[in-house]
A.B. asks: 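Provided herewith is a single structure, encoded as structure tokens, for subsequent inquiry.
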Amino acid sequence: MAGRFAHRPTRTTVRGGHVAVPTGLDGPGSPDGPSGVPRQAVPGGATAPAPAPAPAPAPAPGKVRVWVPGGPFDLGLVLGPLRRGPGDPTFRTTPDGSVWRASLTPAGPGTLRVAARGGQVRGEAWGPGAEWLLEQLPGLLGADDDPAAFAPRHRLVAVTRHRRPGLRLTRTGLVLDSLIPSVLEQKVTTVEAYQAWRLLVRKYGEPAPGPVPGRMYVMPAPRTWALIPSWDWHRAGVEDKRAATVLRAVRVAGRLEEAVRMEPAAAQARLELVPGIGPWTSAEVVQRSHGAPDAVTVGDLHLPGIVGWALAGDRGADDAEMLRLLEPYAGQRHRAARLILLSGRVPPRRAPRMARGDIGRF
């Protein structure tokens, strides 16, 4: 044993009135202590551990706004459609029920924390976009929505509405914020789309301002999207068609953002002027950017069958049949579809899930 291990010195050895630092991990004469703690000279020739570094200052508090909803309110139902999968780097839900969201606003990047307590909602924001986010807070939480305008025509819809009275339609006031992830969701599984969004935002976005929980990022600016090299689109699983659609959209980002001041139908028409953006994508965008209650999604792989099954027992319904079934809800068809999805009544699966592709392997 003695040949394998050197004698372990005592912690300090006094020699001639001086305290000698022992050998060991720090080596003889090391300026650091046995655990790497810096030492400083003290009177009498001795050395002592330097004082511990001062703790990091607490994050500066953000700007705050409080909003009181006029009626039932469910924070998760309202902001849930803005989350792009469980690993969305722009969206977090913490155990205390708060929702965190990082956004690229017209004033710059910003982070918003929203918490509902005691009949009121408190928003706190950080970053250059903080004031803009707080100005938009009521609209984001559904203040512009009118749930009372909806009249159920089917028992399933009526029961779901009764069980979910806090549903309101969010309005973000941002177009690209919803457009780019919607383009990534075209013609692929949600798992593939969420992965592409997560990889690209983490690599090309910037860290979200404020004391965010975990790693959160702000979506890249339009110019940054335009500069992403083709191989990184490929590695994220995005083929040329969807990547080209994003590139065409960010080149006219200013014109597309102007659509938030239009009526939803006119906004959809403007979005669809960009090649690669059709009715499915434009509806998915204005549902979030405008809080459009009638922007029903057509061209979806699953929604017609779900609506047909829920309202008529017809799992083979197509878009035309879905729109016929939703006709009694004209003006509120998107809300009706949301309630049908929330009911949980879906047709039993008869085929395997859509195969997941991975072009990044090629």
Side-chain angles (χ1 to χ4, degrees), residues 76 79-94 99-104 109 111-112 170 172 174-208 212-250 253 256 271 274 276-278 280-285 287-289 297 299-303 306 341 346 349 351-362:
L79 298 184
L82 304 180
R83 184 186 189 189
R84 305 291 181 159
D88 187 348
T90 69
F91 193 103
R92 288 287 188 278
T93 302
T94 51
V99 173
W100 294 73
R101 190 161 186 267
S103 304
L104 183 63
T111 302
L112 177 68
T170 185
T172 66
L174 298 168
V175 172
L176 255 64
D177 186 80
S178 297
L179 175 60
I180 292 177
S182 294
V183 171
L184 296 178
E185 292 172 9
Q186 293 176 350
K187 306 297 184 181
V188 295
T189 66
T190 55
V191 173
E192 293 171 89
Y194 293 159
Q195 175 180 274
W197 172 250
R198 182 171 64 251
L199 293 175
L200 293 170
V201 171
R202 284 180 176 172
K203 183 165 186 176
Y204 290 99
E206 62 177 282
V212 297
R215 294 192 305 160
M216 290 188 66
Y217 293 84
V218 176
M219 183 187 81
R223 177 170 173 77
T224 304
W225 284 110
L227 295 176
I228 295 177
S230 60
W231 53 86
D232 274 345
W233 288 106
H234 193 82
R235 287 169 180 162
V238 182
E239 84 293 340
D240 291 345
K241 183 177 180 180
R242 285 181 292 153
T245 300
V246 172
L247 296 179
R248 285 190 289 264
V250 297
L256 295 183
L271 290 172
V274 178
I277 298 177
W280 183 92
T281 306
S282 66
E284 289 287 310
V285 173
Q287 288 167 7
R288 297 165 174 82
S289 62
T297 303
D300 192 83
L301 180 63
H302 304 290
L303 186 61
I306 293 173
L341 291 171
V346 297
R349 186 179 299 277
R353 292 181 181 272
M354 179 178 173
R356 177 182 174 185
D358 184 6
I359 67 169
R361 296 180 304 168
F362 299 103

A.B. asks: Where is the tightest heavy-atom contact between Val250 and Leu176, given as atom of each residue plus distance?
C.D. replies: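 Heavy atoms of Val250 and Leu176 come nearest at CG1-CD2, 4.1 Å.
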
A.B. asks: Nearest heavy-atom pair of Thr281 and Ser182: which atoms, and what distance?
C.D. replies: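 Closest heavy-atom pair between Thr281 and Ser182: CG2-CB, 4.0 Å.
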
A.B. asks: Among Leu199, Leu227, Asp232, whose side chain to side chain contact (heavy atoms under 4.5 Å, CB included) with Tyr204 holds?
C.D. replies: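 When Leu199, Leu227, Asp232 are each tested with Tyr204, the side chain to side chain contact (heavy atoms under 4.5 Å, CB included) holds only for Asp232.
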
A.B. asks: Within this structure, what is the OG1-CZ distance for the pair Thr90 and Arg101, rounded to the nearest 0.5 Å?
C.D. replies: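 So the OG1 of Thr90 and the CZ of Arg101 are separated by 6.0 Å.
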
A.B. asks: State the CD-CG distance between Glu185 and Asp300, to the nearest 0.5 angstrom.
C.D. replies: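 If I round to the nearest 0.5 Å, the distance is 10.0 Å.
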
A.B. asks: When rounded to the nearest 0.5 angstrom, what is the spacing between OG1 in Thr172 and CG in Leu79?
C.D. replies: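 Those atoms lie 10.5 Å apart.
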
A.B. asks: Measure across Pro222 and Ala253 and return the closest heavy-atom pair with its distance rounded to 0.1 Å.
C.D. replies: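 Looking at all heavy atoms of both residues, the closest pair is CG-CB, 3.8 Å.
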
A.B. asks: What closest approach, in Å, do Gln186 and Gly276 show between heavy atoms, and which atom pair accounts for it?
C.D. replies: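 Taking Gln186 first and Gly276 second, the nearest heavy atoms are NE2-O, 3.1 Å.
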
A.B. asks: If every non-hydrogen atom of Leu247 is compared with every non-hydrogen atom of Ala226, which pair is closest and at what distance?
C.D. replies: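 Closest heavy-atom pair between Leu247 and Ala226: CD2-CA, 3.6 Å.
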
A.B. asks: How many angstroms lie between CE in Met219 and CD1 in Ile180, if you round to the nearest 0.5 Å?
C.D. replies: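 Rounded to the nearest 0.5 Å, the CE-CD1 separation comes to 4.5 Å.
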
A.B. asks: I would like to know whether Val274 and Leu179 meet side chain to side chain contact (heavy atoms under 4.5 Å, CB included); could you show each step before the answer?
C.D. replies: CA-CA 11 Å; Val274 178; Leu179 175 60; over 6 Å; no

A.B. asks: If I take atom NZ from residue Lys187 and atom CD from residue Glu239, how far apart are they, to the nearest 0.5 angstrom?
C.D. replies: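 Rounded to the nearest 0.5 Å, the NZ-CD separation comes to 11.5 Å.
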
A.B. asks: Return the CH2 to CD1 distance between Trp233 and Ile228, rounded to the nearest 0.5 Å.
C.D. replies: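 Going from the CH2 atom of Trp233 to the CD1 atom of Ile228 covers 4.5 Å.
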
A.B. asks: Does Leu184 offer a backbone N or O that forms a donor-acceptor pair with the side chain of Arg242 under 3.5 Å?
C.D. replies: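 Checking the backbone N and O of Leu184 against the side chain of Arg242, a donor-acceptor pair under 3.5 Å is found.
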
A.B. asks: If we ignore hydrogens and angles and just use 3.5 Å, is the side chain of Arg215 paired with the main-chain N or O of Pro207 as donor and acceptor?
C.D. replies: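 Pair absent, no side-chain N/O of Arg215 close to backbone of Pro207.
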
A.B. asks: Whether the side chain of Arg83 engages the backbone of Asp88 through a donor-acceptor N/O pair (distance < 3.5 Å, no angle test) should be reported.
C.D. replies: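 Between the backbone of Asp88 and the side chain of Arg83 there is no qualifying donor-acceptor contact (under 3.5 Å).
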
A.B. asks: What I'd like to find out is whether the side chain of Tyr194 reaches to under 4.5 Å of the side chain of Pro181, using heavy atoms alone.
C.D. replies: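 A side-chain contact under 4.5 Å is absent here.
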
A.B. asks: Give the C-alpha distance, both sets of side-chain angles, the deciding distance and a yes or no for side chain to side chain donor-acceptor pair (under 3.5 Å) between Glu284 and Thr297.
C.D. replies: CA-CA 7 Å; Glu284 289 287 310; Thr297 303; 2.9 Å; yes

A.B. asks: Check whether any side-chain heavy atom of Ser103 sits under 4.5 Å from a side-chain heavy atom of Val218, and report yes or no.
C.D. replies: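 Answer no - side chains too far apart.
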
A.B. asks: Do Leu104 and Asp177 come within less than 4.5 Å of each other through their side chains, counting heavy atoms only?
C.D. replies: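 No, their side chains stay 4.5 Å or more apart.
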
A.B. asks: Look only at the side chain of Glu206 and the backbone of Pro109, and say whether a donor-acceptor pair between them is shorter than 3.5 Å.
C.D. replies: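 Side chain of Glu206 to backbone of Pro109, a donor-acceptor pair under 3.5 Å: no, none is there.
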
A.B. asks: Which atom names give the shortest non-hydrogen contact between Thr111 and Ala208, and what distance separates them?
C.D. replies: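 Nearest heavy atoms, Thr111 then Ala208: OG1-CB, 3.3 Å.
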
